[in-house]
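One structure is given below, encoded as structure tokens.
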Number of protein chains: 2
Amino acid sequence: MANVSYRDQVLRLREDAIVSAVNRLLATKGYDLMTVDEVAAEAGLAKASLYKHFTSKEELAAAAMVRVLERATEQVDALDAQPQRPVIERLEAIVRWTLEVQLAGEMPSLPSQNSRLTDALRGHAAYMERLVVLSDKLGDWISRAQSESTLNPALPPEMVLFTLFARACDPVLGLLKAGGQHADQQIIDWLVATTFDGLGTGARRAVAAPKPAARSVKAVRAR
Amino acid sequence: MANVSYRDQVLRLREDAIVSAVNRLLATKGYDLMTVDEVAAEAGLAKASLYKHFTSKEELAAAAMVRVLERATEQVDALDAQPQRPVIERLEAIVRWTLEVQLAGEMPSLPSQNSRLTDALRGHAAYMERLVVLSDKLGDWISRAQSESTLNPALPPEMVLFTLFARACDPVLGLLKAGGQHADQQIIDWLVATTFDGLGTGARRAVAAPKPAARSVKAVRAR
DNA sequence: GTCTATAAGAGGATAGAC
DNA sequence: GTCTATCCTCTTATAGAC
């Protein structure tokens, strides 16, 4: 039995190295420019061996996304262990975490346009399950923040959710970092601030404010 | 002479059809998934003929970006013809315009990751010139809005500029539209509102507010 | 300048030995 | 499960006739 466990452990390590390589390549080059040859080279094994672990390039991408979704969920759970902390601060902390991951070059981002990949992911059970779990947890925070009006209650909750996901790969961070004029932490502070407060100063407030949008964020499943 | 002018006109029409095809394909599939074969098919000419007009796939992308930059600049100039209108409203109107273009499936977006393409564009004189012209005009609005505090003066102006560019291809619009739950105009209103006012309600205000950042937006040239 | 045909090469995936 | 070698399709770009 110890033998089996050992083999399993080696297997885990191998696959973890592969997923790490995919993660880094997705973060830097993106899905379309990432080649399976590169993944194999970086993970230190032959391409044919890699295909014994993951049956396609899409599977590789899905594995990397599953891992980052799990890590995000861990972060959410850790923040939920501090129930005295205001919900809006937890949302802020999650955005901050995603930006730090992105700044470290470890946020895998998928092209929202590649329909082949999108379809594959929609049919990927493990990926979809993690996505729903995380979305539900964040959706809970969002509706609580909206009911106490620390988040704008006029926005549909799924829009807030989409925006949080989108900011995790916002190109603004990369552009500011490439400018080389500002400290990393300063950049993150600004991005968090604009996510929740916008570019303006509040002088504009009282724009369109339609019905309170009571629907749950679980509508994501329908997509 | 009339003959030459006619030939020129035919040429212009041909190339305009090509650029329109590129524009639409960049908006839907993105650069990496767009193939030159598709462009040729959609524009209604043979691929080899297309290469007589544009010498590479990168040139095609640059041409589409040049056109959208010129159109954006036209919008800015049109808004500048109404000097009584507050600067912040003009910025809002430009964001609204970019979202409408995106909603119509006509906003060409380039992957911010493809370094080959990025390098080609940086070395593309016509593209860079248009980018600088538009950036300067927007930069003017931005600093004016900041000095009258309708835009947050604590943000570096180039961050505001980057954010405007980024929102023009924000995936949130596509996600909301795919949901099918909201009217197009409603979606745009929400996106404009969150761009300038954020997701929050202002209860968070008074975050980090460092030095006023007096540098001009012209620093973009340095990239 | 337009076409058909093709070169040249990248990249996803597999065969088959060990 | 790991490797080397190979298949095969797709894609950018060009040759060369008209």
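Worth knowing before you read on, the calculation uses all heavy atoms, side chains too, and leaves out hydrogens, waters and symmetry mates. Please read all numbers here as calculations on a predicted model, not as lab measurements. Here is the naming used below: chain letters follow the sequence lines, and residue numbers restart at 1 for every chain.
Rounded to whole angstrom, the span from the CD atom of A:Glu59 across to the P atom of C:dA13 amounts to 10 Å. The separation between A:Leu13 atom CG and D:dT2 atom P is 12 Å, rounded to whole Å. When rounded to the nearest whole Å, the span between OH of B:Tyr51 and P of D:dA15 equals 13 Å. Put simply, CZ on A:Phe54 is 12 Å from P on D:dT2, counting in whole angstrom units. Rounded to whole angstrom, the span from the CG atom of A:Asn114 across to the P atom of C:dG11 amounts to 16 Å. Atom CD of A:Glu58 and atom C1' of C:dA13 are 12 Å apart (whole Å). Atom CD of A:Glu15 and atom C1' of D:dG1 are 11 Å apart (whole Å). Atom CZ in A:Arg116 sits roughly 13 Å away from atom C1' in C:dG11 (whole-Å rounding).
Residues passing the salt bridge (Lys or Arg N to Asp or Glu O under 4.0 Å) test with B:Arg130 are B:Glu70, sequence neighbours excluded. Evaluation of the side chain to side chain donor-acceptor pair (under 3.5 Å) rule for A:Thr195 yields no partner, not counting sequence neighbours. Partners of B:Lys29 by side chain to side chain donor-acceptor pair (under 3.5 Å), not counting sequence neighbours, listed by chain and number: B:Glu38. Partners of B:Gln185 according to the side chain to side chain donor-acceptor pair (under 3.5 Å) rule, which considers only residues two or more places apart in sequence or in another chain, do not exist here. Qualifying salt bridge (Lys or Arg N to Asp or Glu O under 4.0 Å) partners for B:Lys137, counting only residues two or more places apart in sequence or in other chains: B:Asp77. Annotation: salt bridge (Lys or Arg N to Asp or Glu O under 4.0 Å) contacts of A:Lys52 (sequence neighbours excluded): none. Looking at residues two or more places apart in sequence or on another chain, you find a side chain to side chain donor-acceptor pair (under 3.5 Å) between A:Glu42 and A:Arg24. Legend: residues meeting salt bridge (Lys or Arg N to Asp or Glu O under 4.0 Å) with A:Arg116, ordered by chain and number and at least two apart, are A:Glu58.
Going from atom CD1 of B:Ile88 over to atom CG of B:Leu151 covers 4.0 Å, rounded to the nearest 0.5 Å.
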Are any protein N/O atoms closer than 3.5 Å to N/O atoms in nucleotides 3-6 of chain C? If there are, list each pair with its distance.
from	atom 1	to	atom 2	distance (Å)
C:dC3	OP2	B:Ala46	N	2.6
C:dC3	OP2	B:Ser49	OG	2.8

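Residues from residues 36-43 of chain B lying near DNA chain D, meaning a heavy-atom separation below 4.0 Å, are B:Val36, B:Asp37 in numerical order. For DNA chain D, the neighbouring residues in residues 18-34 of chain B, judged by any heavy atom under 4.0 Å, are B:Met34.
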May I have the list of side-chain donor-acceptor pairs in residues 164-172 of chain A shorter than 3.5 Å, sequence neighbours left out?
from	atom 1	to	atom 2	distance (Å)
A:Arg167	NH2	B:Asp170	OD2	2.9
A:Asp170	OD1	A:Val172	N	3.1
A:Asp170	OD2	B:Arg167	NH2	2.9

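Heavy-atom minimum distance, A:Gln82 versus A:Arg90: O-NH2, 3.8 Å.
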